[in-house]
Undergrad: 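Submitted below is the structure of interest, expressed as structure tokens.
Below, chains carry the letters A, B, ... as their sequence lines are ordered, and counting in each starts from 1. The structure presented is a predicted model; accordingly, all values stated were derived computationally and were not measured.
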There are 2 protein chains.
Amino acid sequence: MSDSYHHGNLRQALIDAGIRIINEEGEGRLSLRKVAASCNVSHAAPYAHFKDKEELLDAIKNNVTDRFMSELKDSVKDSSNADEALVNMGKRYVDFFVKNPDYFKFLFSSQNITAHLGSDDENDYPPFLFLKEHYLKYLKEHGLKKTKKEKEIDLLQLWSSVHGLASIACMSGVEVSFDWEKEIPGDILIR
Amino acid sequence: MSDSYHHGNLRQALIDAGIRIINEEGEGRLSLRKVAASCNVSHAAPYAHFKDKEELLDAIKNNVTDRFMSELKDSVKDSSNADEALVNMGKRYVDFFVKNPDYFKFLFSSQNITAHLGSDDENDYPPFLFLKEHYLKYLKEHGLKKTKKEKEIDLLQLWSSVHGLASIACMSGVEVSFDWEKEIPGDILIR
DNA sequence: GAAAAATCTTGACAGTGTAAAGTTTCTTGC
DNA sequence: GCAAGAAACTTTACACTGTCAAGATTTTTC
């Protein structure tokens with residue numbers, strides 16, 4: 001691997017550079033050419049790895065979503081039951097974006113996630129699937145029987161709460177840093 | 001007002017054209033030059049009315065927010081009590097963005113709204129102030145006494161629910177069109 | 001009715017995304 | 001081990017973008 005012409009791992013380098021630029025300057029100031037330059041590569045080099053700018057942006061989104069998912073998974077590690085897991089997950093869901101508001105704007109600036117309340121779909125937005133998984137665990141632990149429609153509404157309400165909280169925290173000046181365990185007990189997340 | 005050189009009401013025309021373009025092609029495809037051209041005016045003409053592109057975008061946001069507010073106000077007109085008003089408002093809050101998903105992406109694509117849960121601030125995001133107003137009316141009607149902190153959490157939870165629902169509806173493929181009165185009773189909005 | 005201000009045009013510049021054609025390196029099949 | 005082709009990268013080019021400066025035209029002000 002001579003280090004002159006071929007970069008070696010340009011694809012990942014472009015993604016990393018993109019993330020850094022978004023963190024430092026925001027998505028609005030990210031350009032393909034700037035990303036390329038920051039990898040010491042010509043302005044058209046990215047086209048060997050991505051069809052267009054959007055495809056690079058999608059790759060970055062997947063990368064950020066992976067980090068988000070690993071934090072969510074981490075948050076439920078030391079939960080002794082499903083109630084606790086759901087609260088911990090909600091807490092981390094919001095905290096992640098409060099800590100990185102630019103990620104929220106970036107991830108949800110366009111319709112690029114899919115989710116199905118009723119049917120199962122492996123391709124759904126992973127954080128949503130994770131939430132669903134633990135919600136179902138919650139139902140099982142409590143021996144609750146609910147209709148399909150009831151479950152859908154619960155899930156939507158659950159997701160809306162944390163996602164809305166994250167959105168408001170990132171998009172407005174509102175501070176949402178309070179003691180979750182005390183202020184927002186589990187029974188507000190699940191009616 | 002000779003109609004050759006001076007437009008007459010270019011400022012508003014630019015805002016209207018901008019809204020039309022956002023609706024038809026999305027914010028990403030809106031350019032100052034396109035807006036100017038669609039008003040039959042040279043590409044630099046907008047600079048007589050707006051400092052830069054962002055200032056035009058802000059004006060458009062205010063305009064869209066005005067429409068949103070007038071729908072919210074309209075939604076509570078025929079409510080016989082505060083409970084009903086809150087449900088109707090929440091319903092309309094979501095419906096407005098479900099009907100115009102591009103408006104949601106546009107309005108909340110950057111941190112451009114402010115809100116204060118505790119203190120009063122006339123400059124807060126009008127829809128938020130409207131929600132707060134009716135929440136306080138709700139407390140009064142039911143003779144409920146709550147601490148400052150409790151009120152803040154209620155408000156945040158209330159706002160998060162509807163805003164999160166709108167966000168998920170606009171950003172994912174999830175359909176959120178169900179019968180609000182039946183599926184999401186008032187007591188889920190206020191714990 | 002002249003001076004000043006507001007509005008709009010023209011021309012220019014650097015930065016953008018992306019396509020086409022050419023160059024260099026790597027991989028593959030024999 | 002080597003030719004052929006694929007992959008990765010550069011160079012060149014073009015249309016489009018936001019913004020600025022200088023000038024033209026109209027309206028307002030006194």
Undergrad: Between D:dA8 atom C1' and A:N40 atom CG, what is the distance in whole Å?
TA: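 Those two atoms, CG and C1', are 16 Å apart.
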Undergrad: Using side-chain heavy atoms (C-beta onward) and a distance below 4.5 Å, is B:F50 in contact with B:I15?
TA: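 Yes, their side chains come closer than 4.5 Å.
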Undergrad: Using a 4.0 Å heavy-atom cut-off across all strands, classify A:S42 as base, sugar-phosphate, or nothing.
TA: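 It contacts base atoms.
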Undergrad: Can you tell me whether the side chain of A:R33 and the base of C:dG17 have a donor-acceptor pair closer than 3.5 Å?
TA: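 By the distance-only test, yes, there is a pair.
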Undergrad: Looking at B:E25, I want to see if its CD is surrounded by more than 12 non-hydrogen atoms of other residues, nucleotides or ligands under 6.0 Å.
TA: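 Above 12, so yes.
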Undergrad: Below 4.0 angstrom, which residues in residues 44-55 of chain B have at least one non-hydrogen atom near DNA chain D?
TA: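 Listed by number, they are B:A44, B:Y47, B:D52, B:K53.
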Undergrad: Could you state the CZ-P distance from B:R29 to C:dT18, rounded to the nearest angstrom?
TA: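 Rounding to the nearest Å, CZ of B:R29 and P of C:dT18 are 10 Å apart.
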Undergrad: One thing to verify: whether B:E141 and B:K137 come together as a salt bridge, which I'm taking to mean a side-chain N less than 4.0 angstrom from a carboxylate O.
TA: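 No salt bridge links B:K137 with B:E141.
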Undergrad: Determine the minimum heavy-atom distance between A:S38 and A:R20, stating which atoms define it.
TA: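 A:S38 and A:R20 have their closest heavy atoms at OG-NH2, 3.4 Å.
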Undergrad: Could you give the NE2-to-C1' distance, from B:H43 to C:dT9, as a whole number of Å?
TA: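 After rounding, the reported distance stands at 8 Å.
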Undergrad: Whole Å only: how far is the CG atom of A:L32 from the P atom of D:dC9?
TA: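 Distance, rounded to whole Å: 14 Å.
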Undergrad: With a 4.5 Å heavy-atom cut-off, do A:F128 and A:L117 have their side chains touching?
TA: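 Contact flag for A:F128/A:L117 side chains = yes.
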Undergrad: Measure from CG on B:N9 to P on C:dT7 and round the result to the nearest Å.
TA: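 Atom CG in B:N9 sits about 11 Å away from atom P in C:dT7.
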Undergrad: Between A:D95 and A:R92, is there a side-chain N and carboxylate O pair less than 4.0 Å apart?
TA: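 Judged by the 4.0 Å cut-off on N to carboxylate O distance, A:D95 and A:R92 do not form a salt bridge.
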